[in-house]
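Convention: sequence-line order gives letters A, B, ...; per-chain numbering from 1. Everything quoted here is computed from the prediction, not taken from an experiment.
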Amino acid sequence: MADYTKEEIKRIEDKWRNKWANDQIYTVSNDSSKPKCYVLDMFPYPSGAGLHVGHPLGYFASDIYARFKRLKGFNVLHPMGFDAFGLPAEQYAIEHGVHPAKSTQENILTYKRQLGKIGFCYDWSREVQTCDPSYYKWTQWIFLQLFDSWFNRKTNKAERITTLTWIFENEGNAEYPTPNQKSKTQKFTAAEWKALNQKQRQEILMEYRLAYLAYTDVNWCEALGTVLANDEVINGVSYRGGFPVVKKQMRQWSLRITEYAERLLKGLDEIDFSDSMKEIQRNWIGKSVGAELEFEIQHLKFNIKVFTTRPDTIFGVDFMVLAPEHELVKSITTQEQKTEVDNYLKYVESRSEVERMAEVKKITGVFTGTYAINPLSGKKIPVWISEYVLAGYGTGAIMAVPCGDERDFKFAKHFNIPVTNIIGSHYTGNEANPTKDAVLENSGFLNGLIMSKAIDVAIGELEKRKIGKRKVNYKMRDAGWSRQRYWGEPFPVIYRDGMPYPMNENELPLTLPDTDNFKSSGNGEGPLANLNEWINVSDNAKRDSNTMPTHAGAAWYFLRYMDPHNEKEFAGKKALDYWNQVDVYIGGSEHAVAHLLYSRLWVKILHDLGYLNFDEPFKKLINQGKITGDSRFVYRVRGTNKFVSSGVKDKYETDELRTDVNIVNGLELDTEAFKKWRPDFVSAEFILEEDGKYICGSAIEKMSKSYFNVVNPDKVIDAYGADTLRLYEMFLGPLEASKPWSTSGIDGVYKFLRRFWNLFHDSNGNVNVINAEPTHEELKVLHATIKKVEQDINNFSFNTSVSAFMICANELSSMKCNKQKILEPLTIALSPFAPHIAEELWEKLGHSDSVFNASYPKFDEQYLTESSFEYPISINGKVRAKMNFALDMPKEDIEKIVLASEVVQKWSEGKPPKKVIIVPGKIVNIVL
RNA sequence: GCGCAUGUGGCGUAAUUGGUAGCCGUGCCAGACUUAGGAUCUGGUGCCGAAAGGCGUGGGGGUUCGAGUCCCUCCAUGCGCACCA
């Protein structure tokens with residue numbers, strides 16, 4: 001005997017969580033005749049702050065989906081783990097002297113305790129932690145597979161390095177140029193290859209490996225003492241901490257992701273990600289199609305190679321621009337211009353990345369004194385240097401067409417370079433016109449052609465004359481893979497004579513050595529460089545002092561879940577084949593380019609090497625919205641300890657302070673709690689509103705510890721229970737939408753659960769369910785609900801399914817329905833959303849097995865079919881009346897009755913209608 | 001600047017995909033019960049209007065018998081990219 005009260009909720013929820021754990025009902029087998037379904041959450045980085053109410057939003061959705069699929073007869077893999085390596089733990093260690101391993105484990109425990117209280121159906125026996133040696137052994141192993149692979153552009157896939165050495169031994173590299181265009185490695189014959197020594201061969205192979213070591217321009221962050229990947233640098237400062245980042249040449253590990261640019265792009269067409277997510281990835285990959293061609297330098301034997309997407313405009317080239325870093329700058333600068341060029345180069349060097357980005361519009365540049373020859377028109381054009389041309393994109397040099405390109409135009413105007421018009425009246429002389437629709441003029445053999453058509457003609461001519469060729473360019477760079485940090489996976493290689501050699505598989509894992517010194521060793525080396533014994537394996541054998549980025553562990557964790565305890569392989573073939581792709585992946589959109597691209601890359605490589613029979617990891621991706629915080633402000637009179645309520649604050653000079661949202665009810669501050677909140681406020685005084693309340697200001701912003709606007713799910717669970725929290729977060733709105741946290745409305749969800757509970761109980765709290773046959777109306781409510789909820793789950797529209805349950809409970813309550821044949825299927829349908837209450841009620845209905853071993857109820861259309869319909873009768877599109885007709889009534893009969901009706905007569909004033917539209921089962925519209 | 005997404009009552013949202021705009025919840029108003037409470041139950045609640053009726057899905061225009069939904073255009077907000085040749 002019990003009501004659905006706070007105490008009863010706690011009893012029920014504790015009872016079932018313990019029972020589920022003891023019975024291991026969420027343990028999933030790899031061996032099943034059932035169809036599989038893999039439902040995955042992005043595993044969290046276990047931060048010291050613990051979970052707030054925003055974190056589990058996506059977990060609720062995946063939990064509901066996983067439970068639903070289980071009830072629908074699927075064998076569901078729904079695991080959880082921790083992205084446990086990473087910068088914050090290491091920063092914390094430097095600041096507080098706590099070993100990252102220790103703080104990480106503590107944080108993980110907090111997370112697991114919090115997650116446990118919410119009642120997720122994770123199979124914890126499959127938990128992975130990326131910092132665990134038994135896990136990162138395989139991260140290192142996969143890295144070695146990448147090291148031992150190259151991308152064969154002819155087969156369009158990764159192959160083992162042995163196939164490459166075979167090619168070199170038999171035919172040299174004539175057909176297989178190095179992927180990096182700027183490489184110093186020339187073409188060589190088989191004989192030349194054979195004549196090379198071991199180190200020379202290794203250096204060449206390094207130019208092809210998918211994980212390779214090279215001097216690259218890296219993003220060096222002095223404050224963090226590490227290199228950052230492109231996606232970790234935002235507007236010239238570090239993603240974490242916002243520290244300045246500079247370009248620096250360092251010998252670093254990189255992943256040759258650029259070789260996969262095309263496949264990563266094409267793969268997007270096969271996977272179900274949101275349009276914006278695909279767009280972000282496409283943008284990041286940045287494919288552009290055009291031509292590469294060479295301009296001769298007058299009087300010198302150099303050629304300048306440029307990339308252009310608009311070869312049709314080649315007769316409009318008025319000058320050329322090289323990036324200041326371009327290797328030919330020094331060689332082509334004339335004596336007269338030398339000083340000016342040197343000064344400019346110094347200026348460019350002095351500018352930080354941040355300044356350069358902030359002053360995008362500023363036009364700077366300098367003439368080299370040299371002229372180039374347009375290969376098609378033969379025209380002599382000046383060669384300039386400017387920082388608006390980026391060394392890293394294309395060839396680092398452009399042909400400038402000021403009549404068609406805005407930046408070229410501004411540059412030409414700024415430096416008084418004459419502009420050639422090749423598009424007639426489309427060019428006004430006041431601004432560039434980037435059109436492709438104009439008919440070309442002043443363009444030699446292209447005259448009279450529409451520009452879009454001329455592109456191919458121009459490329460054809462360039463190819464015919466062997467001065468250029470069709471070319472695809474990608475914005476994406478190879479991914480920097482070294483971090484000068486401690487808390488990450490060590491690289492499983494040993495350097496001999498400066499070249500890295502892979503460790504043997506049976507020597508893995510190369511475990512992270514213990515230390516209490518996490519400070520960078522300087523010189524761009526990581527903290528591991530301080531550990532001489534570990535670094536120096538022998539006199540001429542050294543380890544790498546860097547570690548891998550957190551992306552490494554996260555790039556494949558979804559594969560490890562399939563077979564987490566396998567000591568022989570990263571995962572067994574059978575498990576990989578069975579579980580296959582992740583069917584539904586739910587997580588934040590902030591991982592759009594890094595994590596998702598690296599995961600997709602690793603899966604493609606493992607697929608090419610024969611380990612996986614799928615080459616996209618995630619079939620469907622859903623990005624849950626962020627739950628933002630709703631901050632509260634108090635206003636302190638400057639220089640005092642007096643706090644003014646927001647309604648009267650304008651009479652004083654005040655400072656705005658954030659206060660803890662947990663001591664504010666709505667906007668009303670609990671002034672006593674505020675005094676106790678911090679020692680400085682013990683003696684605070686308050687200037688209140690007329691009604692004696694202290695009203696706070698508010699703002700929607702990021703949920704963050706430092707804003708005091710964090711709401712801990714534990715608090716909500718204490719007040720309402722986990723089921724209410726789950727339902728409430730789903731009820732807030734569409735999963736993908738971001739929304740501020742607010743508890744207004746949570747009562748409504750709680751009331752629904754109580755109403756549902758009351759259907760099973762009499763007014764004394766005793767179970768009262770009868771075995772009578774349900775009425776048609778009751779069955780209609782049941783089946784409408786089942787249909788709607790099932791549809792909504794399949795569309796990940798959980799807010800509407802919660803609403804459907806509410807409607808159902810409201811209707812059954814007013815029918816006073818307590819029939820087992822109605823309540824039992826409803827309990828199953830509700831169980832994915834509110835597992836604890838459903839399991840308790842399921843038991844009360846007399847079941848000894850878990851509700852999660854039941855089958856999802858089948859909805860039956862026959863209860864939903866109606867024989868008649870209440871037609872809205874609209875006149876000129878406005879509804880004026882409603883009339884009930886049988887659904888099979890002929891249109892003519894309906895028309896007669898409707899036209900004869902009083903309402904229509906009134907509106908038509910006796911005139912015959914112009915038109916009558918009758919859509920059976922929908923509407924009647926009369927046009928007067 | 002370019003790309004993507006979004007815009008509906010006081011608030012969170014819904015609309016079977018071109019067919020009754022505002023479901024469900026909250027808030028608010030009124031009432032009932034009452035041990036007076038941040039409990040429960042009942043009714044009302046888009047806006048204007050006494051009513052008839054009119055207006056109404058960011059603004060303007062269009063297609064249609066009919067538009068929140070489709071098309072054009074403008075505006076606002078959010079996210080991403082940003083001298084990418």
Side-chain angles (χ1 to χ4, degrees), chain A residues 234-235 274-284 286-288 290 306-311 313 320-321 323 356-357 359-364 386-390 392-401 404-408 410-411 434 473-476 589-590 592-593 623 625-626 628 665-666 727-728 731-734 736-740 742-752 754 787-788 791 797 799-810 813 870-882 913-919 921-928:
Chain A
I234 296 172
N235 293 330
S274 71
D275 288 345
S276 67
M277 192 59 50
K278 288 186 181 183
E279 208 49 42
I280 292 171
Q281 292 209 357
R282 285 197 191 103
N283 222 319
W284 186 262
K287 179 181 183 175
S288 51
V306 303
F307 171 70
T308 177
T309 55
R310 296 296 302 274
T313 63
M320 291 186 78
V321 188
R356 214 169 143 164
M357 283 183 181
E359 298 167 22
V360 171
K361 297 260 150 66
K362 195 168 159 187
I363 299 165
T364 67
S386 172
E387 57 179 342
Y388 88 87
V389 174
L390 306 176
Y393 183 76
T395 60
I398 62 158
M399 54 178 232
V401 184
D405 182 282
E406 198 52 44
R407 294 149 312 170
D408 297 347
K410 285 188 175 142
F411 194 85
N473 224 317
Y474 300 94
K475 227 163 37 170
M476 184 167 65
S589 53
E590 65 272 24
V593 284
N623 299 113
K626 283 190 190 58
T628 42
N665 180 16
L727 233 37
Y728 181 59
F731 186 62
L732 275 174
E736 274 110 327
S738 285
K739 46 229 153 194
S742 138
T743 46
S744 74
I746 196 167
D747 274 315
V749 170
Y750 164 69
K751 279 186 216 164
F752 152 70
R754 193 175 52 198
K787 183 182 180 183
K788 171 79 175 144
Q791 243 169 29
S797 171
N799 54 328
T800 52
S801 44
V802 174
S803 154
F805 278 121
M806 288 176 170
I807 295 167
C808 171
N810 290 348
S813 294
E870 179 151 272
Y871 283 87
I873 311 297
S874 59
I875 294 165
N876 289 336
K878 302 253 180 218
V879 178
R880 299 296 180 184
K882 286 186 185 165
K914 284 196 189 119
K915 201 167 179 180
V916 178
I917 289 121
I918 297 173
V919 186
K922 296 270 189 194
I923 200 165
V924 176
N925 191 17
I926 294 158
V927 187
L928 293 171

Nucleic acid footprint by protein, nucleotides 53-65 of chain B - heavy-atom cut-off 4.0 Å, B for base, S for sugar-phosphate alone = SSS---------B
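- Residues satisfying the salt bridge (Lys or Arg N to Asp or Glu O under 4.0 Å) test with A:Glu387, not counting sequence neighbours, are A:Arg351, A:Arg356.
- Rounded to a whole Å, the CD1 atom of A:Ile923 is 4 Å from the C1' atom of B:G19.
- Partners of A:Phe411 according to the ring pair (Phe, Tyr, Trp, His ring centres under 6.0 Å) rule, which considers only residues two or more places apart in sequence or in another chain, are A:Phe319, A:Trp384, A:Tyr388, A:Phe415.
- Under the salt bridge (Lys or Arg N to Asp or Glu O under 4.0 Å) criterion, A:Arg282 pairs with A:Asp269, A:Glu279, not counting sequence neighbours.
- Looking at RNA chain B, the stems built from 3 or more consecutive Watson-Crick or G-U wobble pairs, each pair with its key distances under 3.5 Å, are B:1-7 with B:75-81, B:10-12 with B:24-26, B:27-32 with B:40-45, B:46-48 with B:53-55, B:58-62 with B:70-74.
- Judged by distance alone with a 3.5 Å cut-off, a donor-acceptor contact links the side chain of A:Lys882 to the base of B:U20.
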Report, one line per pair, each donor and acceptor closer than 3.5 Å where one atom sits in a side chain of residues 743-751 of chain A; sequence neighbours left out.
unit_1: A:Ser744; atom_1: OG; unit_2: A:Ser742; atom_2: OG; d: 3.1
unit_1: A:Asp747; atom_1: OD1; unit_2: A:Tyr720; atom_2: OH; d: 3.3
unit_1: A:Tyr750; atom_1: OH; unit_2: A:Tyr4; atom_2: O; d: 2.9

Output a table of donor-acceptor pairs, distance under 3.5 Å, between side-chain atoms of residues 392-400 of chain A and any protein atom two or more places apart or on a different chain; print 'none' if there are none.
unit_1: A:Tyr393; atom_1: OH; unit_2: A:Ser288; atom_2: OG; d: 2.7
unit_1: A:Thr395; atom_1: OG1; unit_2: A:Lys305; atom_2: O; d: 2.6
unit_1: A:Thr395; atom_1: OG1; unit_2: A:Ala397; atom_2: N; d: 3.4
unit_1: A:Thr395; atom_1: OG1; unit_2: A:Ala397; atom_2: O; d: 3.3

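- Applying the side-chain hydrogen bond (donor to acceptor under 3.5 Å, both in side chains) test to A:Lys788 and every residue at least two apart in sequence or in another chain returns A:Asp792.
- Scored by the salt bridge (Lys or Arg N to Asp or Glu O under 4.0 Å) test, A:Lys739 finds no partners at all (sequence neighbours excluded).
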Got a list of protein N/O to nucleotides 3-10 of chain B N/O distances below 3.5 Å?
unit_1: B:G3; atom_1: O2'; unit_2: A:Glu279; atom_2: OE2; d: 3.4

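- Base orientation of B:U17: syn, since the glycosidic angle falls within 90° of 0.
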Short heteroatom pairs, N/O only, protein and nucleotides 41-49 of chain B, under 3.5 Å:
none

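- By the salt bridge (Lys or Arg N to Asp or Glu O under 4.0 Å) test, A:Lys362 pairs with A:Glu359, sequence neighbours left out.
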